[in-house]
Each structure stands twice: as structure tokens, then as C-alpha cells.
Q: 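I have a structure I would like to understand better, so I am pasting it below and will then ask my questions one at a time.
Because the structure is a prediction, the values reported are computed rather than measured.
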Amino acid sequence: MIYTKTGDAGTTSLVGGSRVAKDDHRVEAYGTVDELNSHIGLLAEILRDMKGGYYDELKVVQHNLFTLQTLLATEDETIYARLPQLAEEEVEILERQIDTLTDLLPKLQNFVIAGGTLAGAQCHVARTVCRRAERRVVTLSREAKLDPVIQRYLNRLSDYLFVLGRYAVVAVGQKEDLYTN
């Protein structure tokens with residue numbers, strides 16, 4: 001059965017079973033990462049047929065985000081230690097992907113206006129949700145011990161989504177909409 005009715009009073013269970021308010025900082029953090037994961041899923045489907053392996057890269061990102069969600073939803077240190085962790089190497093992979101994409105793009109002189117193509121626009125939607133998730137993690141980190149790789153990964157992921165958004169426009173011959181005022 002999908003419904004349990006246990007959340008009807010405004011609480012939810014964390015990994016390990018403890019209950020917290022649905023607007024708890026921990027729930028806000030993993031819930032925003034969950035929202036980001038959904039946007040990445042939509043982006044992956046939009047880019048499924050684009051050359052370059054971006055669909056596969058985004059599927060890896062989704063798996064990494066699910067790992068982050070689980071870590072963020074766990075306050076019990078004993079359980080947390082037994083969970084799969086996000087390796088620093090995943091941040092480095094994003095950095096290499098950013099560098100590869102950046103080399104394919106014209107030098108940026110202005111701010112980019114989101115859009116240009118459906119894929120480009122969705123990259124920017126995902127990027128802004130990623131930035132919000134990062135802010136939620138920063139808030140949570142003030143009251144809970146978190147692995148710093150979580151914040152670094154989200155920070156790098158937003159950069160990756162930015163350059164992927166630019167590439168998704170330029171690669172199909174569209175002109176980027178640049179802010180010029």
C-alpha cells in the first residue's frame with residue numbers, strides 16, 4: 001500500500017525510523033535533492049538522443065543524487081556509516097566533464113539568459129534547483145555533521161548544468177541569448 005497515513009499530522013520518518021517535522025532542515029535538504037533528481041531525469045530524457053553520452057552522464061548523476069538523498073535523510077551516525085558514500089572522485093568527474101564542455105564553447109563575455117532550446121532551458125531549471133539544494137545543505141550543515149563532499153558535489157553539479165545548458169544550445173546551431181544591458 002502506498003499510503004500509510006503516518007505523515008498526516010505533518011511528520012515523516014528518517015532513515016532509521018526517527019520522526020521529524022516535514023519542514024525540518026534535513027527533510028528540506030533531501031527533499032530538494034529529490035526535486036533536483038526529478039529535473040535531471042527530465043533533462044536526461046530530453047538529451048537521450050544527443051551525441052556525446054550526456055544521457056549516460058546524467059543517469060550517473062541521478063544515482064549519485066539518490067546516494068546524497070539517503071545520506072541527508074540519515075541522522076543516526078551508526079546507520080550513516082554503513083550506507084554507500086559519495087566518493088570525492090565523483091566531484092572530479094564533474095570537473096573533467098565541465099572542462100570538456102567548456103573547451104567546446106565560445107568564451108563567455110556576458111550573463112546567459114536561460115533558454116535557447118528545450119534542453120538548454122531544462123539545464124537551467126535543474127541548475128537553479130541544484131543551487132537551492134546546495135543552500136538547503138548549507139543550512140543543514142550548521143546543525144548536523146555532513147560529509148563536505150555533499151556540498152562540493154552539488155556546487156560542481158550546478159556548474160556542470162550551466163555549461164551543459166550552454167552546450168545544448170550551441171551544439172544544435174542556436175545562438176545563446178546573452179544579457180547585454
Side-chain angles (χ1 to χ4, degrees), residues 1-48 53-101 122-123 125-165:
M1 186 178 324
I2 190 69
Y3 58 90
T4 62
K5 301 182 184 181
T6 58
D8 290 353
T11 63
T12 191
S13 292
L14 298 177
V15 173
S18 64
R19 296 200 63 83
V20 296
K22 288 187 176 184
D23 64 351
D24 183 88
H25 289 148
R26 186 173 294 281
V27 178
E28 283 290 332
Y30 76 72
T32 306
V33 173
D34 185 33
E35 181 183 353
L36 170 61
N37 208 336
S38 295
H39 281 290
I40 298 287
L42 176 58
L43 178 59
E45 293 306 321
I46 292 169
L47 292 177
R48 182 184 284 272
Y54 303 107
Y55 174 85
D56 293 333
E57 287 179 5
L58 291 170
K59 295 316 261 182
V60 170
V61 166
Q62 283 191 284
H63 284 264
N64 288 338
L65 290 176
F66 206 89
T67 298
L68 292 186
Q69 288 170 237
T70 305
L71 294 171
L72 292 169
T74 306
E75 65 181 354
D76 183 299
E77 291 182 20
T78 304
I79 295 171
Y80 188 98
R82 292 191 315 253
L83 293 172
Q85 303 293 311
L86 188 69
E88 184 68 37
E89 179 185 3
E90 296 300 331
V91 175
E92 295 164 4
I93 289 168
L94 285 174
E95 289 172 348
R96 286 192 298 273
Q97 292 167 338
I98 291 165
D99 293 343
T100 298
L101 284 167
Q122 182 59 29
C123 282
V125 170
R127 175 187 58 80
T128 59
V129 174
C130 187
R131 288 286 189 204
R132 181 161 33 93
E134 182 184 8
R135 291 191 303 270
R136 299 297 181 263
V137 166
V138 167
T139 299
L140 178 60
S141 72
R142 289 191 192 112
E143 60 191 52
K145 182 181 173 191
L146 299 176
D147 186 340
V149 75
I150 294 172
Q151 192 172 321
R152 282 195 299 276
Y153 186 81
L154 291 171
N155 187 280
R156 222 60 90 248
L157 179 56
S158 65
D159 294 335
Y160 170 76
L161 292 166
F162 176 76
V163 295
L164 182 59

Q: Looking at every non-hydrogen atom in both residues, tell me the closest pair between G165 and C123 and how far apart they are.
A: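 Taking G165 first and C123 second, the nearest heavy atoms are CA-CB, 3.4 Å.
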Q: Please tabulate, one pair per line, all N/O donor-acceptor pairs under 3.5 Å involving side-chain atoms of residues 77-84, not counting sequence neighbours.
A:
none

Q: Determine, stepwise, if the pair V27 / T12 fulfils side-chain contact (heavy atoms from CB on, under 4.5 Å).
A: CA-CA 8 Å; V27 178; T12 191; 3.7 Å; yes
Q: What residues, two or more places apart in sequence or in another chain, satisfy side chain to side chain donor-acceptor pair (under 3.5 Å) together with Y160?
A: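 Expected list: E57.
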Q: Rounded at 0.5 Å granularity, tell me how far CG in L140 sits from CD in E75.
A: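 Here the interatomic distance stands at 10.0 Å.
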Q: Mind jotting down which residue pairs meet the salt bridge (charged side-chain N to carboxylate O under 4.0 Å, His left out) criterion with at least one end in residues 133-144? Sequence neighbours excluded, please.
A: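 For residues 133-144: E28-R136, R131-E134.
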Q: Out of curiosity, Q69 CD to L72 CG, how far, rounded to the nearest 0.5 Å?
A: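 One gets 8.0 Å once the value is rounded to the nearest 0.5 Å.
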Q: Return yes if a side-chain donor-acceptor contact under 3.5 Å exists between T67 and Q85, otherwise no.
A: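 Q85 and T67 do not have a side-chain donor-acceptor pair below 3.5 Å.
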Q: Would you please test V33 and I150 for side-chain contact (heavy atoms from CB on, under 4.5 Å) and show each step?
A: CA-CA 11 Å; V33 173; I150 294 172; over 6 Å; no
Q: A quick test of your reading: do over 12 heavy atoms of other residues, nucleotides or ligands sit less than 6.0 Å from NE2 of H39?
A: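 More than 12 within 6.0 Å, yes.
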Q: Considering residues at least two apart in sequence or located in another chain, which fulfil the side-chain contact (heavy atoms from CB on, under 4.5 Å) criterion with A87?
A: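 Listed in chain order: E89.
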Q: In Å, rounded to the nearest 0.5 Å, how long is the span from OG1 of T74 to CG of L14?
A: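 Separation between the atoms: 7.5 Å.
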Q: Restricting to non-hydrogen atoms, name the atom on S13 and the atom on R19 that form the minimum distance, rounded to 0.1 Å.
A: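 In terms of heavy atoms, the two residues are closest at OG-NH1, 2.7 Å.
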Q: Going by heavy atoms in the side chains, are L86 and V91 under 4.5 Å from each other?
A: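 L86 does not reach V91 side chain to side chain.
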Q: Measuring from Q151:CD to S141:OG, what's the distance to the nearest 0.5 Å?
A: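 So the gap between those two atoms works out to 5.5 Å.
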Q: Quick one: salt bridge (charged side-chain N to carboxylate O under 4.0 Å, His left out) pairs with a partner in residues 92-101, sequence neighbours left out?
A: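 Matches after skipping sequence neighbours: E95-R156.
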Q: Shortest non-hydrogen contact from A126 to L36?
A: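 Minimum heavy-atom contact is O-CD1, 3.3 Å.
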Q: Under the rule for side chain to side chain donor-acceptor pair (under 3.5 Å), what residues qualify as partners of R127, not counting sequence neighbours?
A: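 Here the qualifying residues are H124.
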Q: Is there a side-chain contact between N155 and D159, using heavy atoms and a 4.5 Å cut-off?
A: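 Yes. Closest side-chain heavy atoms under 4.5 Å.
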Q: Should L154 and L65 count as side-chain neighbours, where that means a heavy-atom distance under 4.5 Å?
A: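 Side-chain contact under 4.5 Å: yes.
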Q: Please name all residues satisfying side-chain contact (heavy atoms from CB on, under 4.5 Å) with K5, sequence neighbours left out, ordered by chain then number.
A: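 With sequence neighbours excluded, K5 shows a side-chain contact (heavy atoms from CB on, under 4.5 Å) to Y3, D8, given in chain and number order.
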Q: Report yes if some heavy atom in the side chain of L161 is under 4.5 Å from a heavy atom in the side chain of I40; otherwise report no.
A: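 Contact flag for L161/I40 side chains = yes.
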Q: Under a 3.5 Å distance rule, please check whether T11 uses its side chain to pair with a backbone N or O of G7 as donor and acceptor.
A: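 Absent.
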Q: Verify side-chain contact (heavy atoms from CB on, under 4.5 Å) between Y54 and L101, making sure each step is shown before the conclusion.
A: CA-CA 11 Å; Y54 303 107; L101 284 167; 3.4 Å; yes
Q: With sequence neighbours excluded, what pairs up with E45 under the salt bridge (charged side-chain N to carboxylate O under 4.0 Å, His left out) test?
A: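 Listed in chain order: R48.
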Q: Restricting to salt bridge (charged side-chain N to carboxylate O under 4.0 Å, His left out), what partner residues turn up for E88, sequence neighbours left out?
A: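 Here the qualifying residues are R152.
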Q: For the pair N37 (side chain) and Q62 (backbone), establish whether a donor and an acceptor sit closer than 3.5 Å, ignoring hydrogens and angles.
A: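 Yes: the side chain of N37 pairs with the backbone of Q62.
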Q: Kindly write out the residues that satisfy salt bridge (charged side-chain N to carboxylate O under 4.0 Å, His left out) with E35, not counting sequence neighbours, or none if the list is empty.
A: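 Partners of E35 under the salt bridge (charged side-chain N to carboxylate O under 4.0 Å, His left out) test: R132.
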Q: Under the side chain to side chain donor-acceptor pair (under 3.5 Å) rule, collect the residues that match up with Y153, sequence neighbours excluded.
A: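 For Y153, the residues satisfying side chain to side chain donor-acceptor pair (under 3.5 Å) (neighbours in sequence not counted) are N64.
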Q: Looking only at heavy atoms, which two atoms of R26 and A144 are closest? And how far apart?
A: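 The answer is NH2-CB, 3.3 Å.
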Q: Under the criterion side-chain contact (heavy atoms from CB on, under 4.5 Å), I'd like the reasoning laid out for Y30 against T70: C-alpha separation, chi angles, the key distance, then a yes or no.
A: CA-CA 8 Å; Y30 76 72; T70 305; over 6 Å; no
Q: Look up atom CG in L43 and atom CG in L58, then write down how far apart they are to the nearest 0.5 Å.
A: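 Rounded to the nearest 0.5 Å, the CG-CG separation comes out at 5.0 Å.
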Q: For T139, what residues pass the side chain to side chain donor-acceptor pair (under 3.5 Å) criterion, not counting sequence neighbours?
A: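 Checked T139 against side chain to side chain donor-acceptor pair (under 3.5 Å); zero matches.
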Q: If every non-hydrogen atom of C130 is compared with every non-hydrogen atom of S158, which pair is closest and at what distance?
A: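 Of all heavy-atom pairs spanning C130 and S158, the closest is SG-N, 3.6 Å.
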Q: Taking the side chain as every heavy atom from C-beta outward, state whether V60 and I93 have any pair of such atoms under 4.5 Å apart.
A: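 Heavy-atom side-chain distance check fails, nothing below 4.5 Å.
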